[in-house]
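Notes for the one structure printed next.
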Amino acid sequence: MAIHGGMFNNVRIELCQTDDEKADRELTNTELIAKQNSNRNVLNKAFLERIYNNGRFGLICASGYATARLGAIWNGAFNPEWSGDYTLDANTNLQVSGINTGNMQEATHGYINFIVRMVEDWDDDAHNIYGMEDAIKAPPRVDGTGEAGSYHFMEGFPHIYVNGITDWLIIPIYEYWQCYGNQQIPVGKDVDIERNREVLDYSDEDIERITSTGYMDLLEDILYPMVKKTMNFWLQYVDGRYYTDGSGYEHVDDGTTIDQAIAAGDTNCKYLFTPGYSPENTPGQWGGNSKYAVAYNTTMDISAARDTLFMARSLLDIVNPEDKNELLDVWADFESKIPDYLYANSGELKEWATPKLDEQHGHRHVSHAYPAWPGYESQTDDNLRVGIITAMDKRSAAYGGQEASESHGPTHKALVEARLKNVTGFENVLKYLLTSNYQYSTMMTSHNANHGSTYCTDSAFGIMGAINESLLYSNTGVIEVLPTLMSDSYTGSITGLRARCNSTVDINWDIDNWTVSTTVKSDEDNNVIKVKCGQEWGSATINGVEQNISIDPDDMMPYVQVKLMKGQSVKVDFSLADFDSRASIKADVDSTKAVAAGTTVNFTSQYTFSRTMFNNGNWSVTDLAGNDVGVSVSNGSLTFTDALKGKTVKVSCEAPNGVKSNGIVFHVAGDSEQFGVQTGFAEDDLGVYITNDGAAKKLSLVWAAYDAEGKLVGTSVKNIEAEANGFVQANIVATWPVESYTSTLYVWDQDTHTPLQSEIKVR
């Protein structure tokens, strides 16, 4: 504790509520294990707290030179299973899942050096396996002390074709950058900077700077070059001779190419991602592990490619290299040809995005859940989220409602279910992990249930990461507290978690008293964060002041916005509301651009917080003044008629319980457009809807508030561009209590600084 106590004490968790639960903290490890097993239907909170704290301390102890092996840094055998190595298609990734959100900054330095120490060999792997240049591909297993090339060629486990490993291993480094901002990383022992010259694009000046200071710049020296080289991998991995055309026919070097097909008018062509291996599974028609495990269009690879794109674009905006625009064009072309995800008739997300390969549910890995964790796509895609939940349920059903014995399977599933915000699935897998005798009396864990295999710390450390995810979801600019709160956790707290927007977060909740509070402290200036609560809430205050409520268009969740300076903290208090107090609708057509007459839009409707769908709502289609426009939503679909040309309409829905949804505004393109501005409120934000004439414009939208005496009390400004004969809409967030003041919208030309519209009285 004298060595590692600082990092350990960064986070404190309190789950026990009653006197009996708190008394359980006094039990020995053996007694706690026995008590949990005596009632397998209820999670013992003291046991979960101890697992969490043990995982934190164990991971800290195992970090420094590198990071946790299969057995961390402890082992009781001279010849351990799998050589006690680093297995990189899941195990290492699961063990470090909570290292950043768990506020263990120095521990992550060991992980980063572990990656930097071997990245030059990743360049060799990309070349030796695929013949690539200036690209990297991570190996499946390494010993962490010598070369890190691929030497794993078992026929039934073709790990060298798990192409998504590279992205997965870079994510914790990217996440560190999100959590702490750009940092100077100490060069660890045995890191050969000169050896990494080519793969990390070091100049002579870079080598001199790093060797003289002993530090690597996280962004410039490590993260950006790795992500760029991973993008180079994906660009060389695809081959235009191997593609699926718009009718679903797969072309395999038949004399045609994807670019030829697109030029001929088939704009729905997608690359075949081949070869690929979805660890560690084989398509269902081939039975157990075999040579047929080498397949194609693995969902994990597809998601990993999308995630690499996400990281690459965000870093490119900051690094701003001379070839930025060229890179963006090349990446956008690649993105347009990435295979789409595929769903089975059951609605589940398929492990291979092709109808030719069958599912095999009785398997311990959940690699195809990559878009949920470690990726983020399921946050904004309801079909994907439901598809992964269904796929996870199929996995459990294949084990008779239980889980695979190998601990990495249910541990991975716990992280996925937490990120999916699926409380039932999360609790079920936690109950399995806590009642299947993985824990030894030391609280470290076995690789298999009932101590049926060797010592392995996958679940010992991974459960801690899953708990972090269940209590705090975060991504750049977004914090959501208690996204997957356990159903019987009525009161509790956790302090010191790290959010992926360079801030620390404390959370306190008291569900019985209808309150959730969070304190957010920023480590950077001008840090704009959407703060959300995963529990049903109706109003929020910041430092005691009532706040305006906005709606995030990405997931339709309500939020309050904060803008923090470095070292500044705010306390957000959420007042909880009755169940299903909000409803949301989404459309499958982009409403930010004009739609053509004849377009059919399909809508989905759900209760916002529970994310449960409803189909029997009462739909409304009006103009912005609330007048009926003569069309209606039928069976979730709406077709815009010719009579609506040039008109702006709003679609909303009333749920069966009487709750009204958000409204989605569409503009139906007219034969000729005139410049015009309309407004409407979306919660407390001002929605501005602009049709434009034949001249493109750069506009400044200035929303100003005035008190009863006409004195200016606040302004919010948004700059937008309107294409010729186009339509654009924008939401403006108020910096004042919108109900307290009158307000006016001004629309100005940015170039001439002249008004383009008479002032619009908003409220």
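The first residue in the sequence is number 1, and the count goes up from there. Bear in mind the structure is a predicted one, so any value in this text is a computation, not a measurement.
Atom NZ of K521 has 12 or fewer neighbouring heavy atoms from other residues, nucleotides or ligands inside a 6.0 Å radius.
Using the six-membered ring where Trp is involved, F273 and Y237 have ring planes that are perpendicular, over 60° apart on the 30 and 60° scheme. Note on ring orientation: taking the six-membered ring where Trp is involved, the planes of F310 and Y174 are perpendicular (angle over 60°, cut-offs 30° and 60°).
In this structure, the ring pair (Phe, Tyr, Trp, His ring centres under 6.0 Å) partners of Y86, at least two apart in sequence or on a different chain, are F114.
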Next item on the list: Check step by step if ring pair (Phe, Tyr, Trp, His ring centres under 6.0 Å) holds for W373 and H368.
Entry: CA-CA 10 Å; W373 190 91; H368 56 318; over 10 Å; no
Next item on the list: Starting from the C-alpha separation in whole Å, work towards a yes-or-no answer on ring pair (Phe, Tyr, Trp, His ring centres under 6.0 Å) for F233 and Y130.
Entry: CA-CA 9 Å; F233 169 86; Y130 286 118; 5.7 Å; yes
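With salt bridges taken as basic N to acidic carboxylate O contacts below 4.0 Å, none links D317 and R313.
To the nearest 0.5 Å, the span separating CD1 on I467 from OG on S97 amounts to 10.5 Å. Here I129 contributes atom CD1 and S150 contributes atom OG; the two are 4.0 Å apart, rounded to the nearest 0.5 Å.
R56 has its side chain within reach of F8: a pair of non-hydrogen atoms, C-beta onward, lies under 4.5 Å apart.
With ring centers used as reference points, Y111 lies 6.0 Å or more from Y176.
For N10 (side chain) and G496 (main-chain N/O), no donor-acceptor pair under 3.5 Å exists by modelled atom type.
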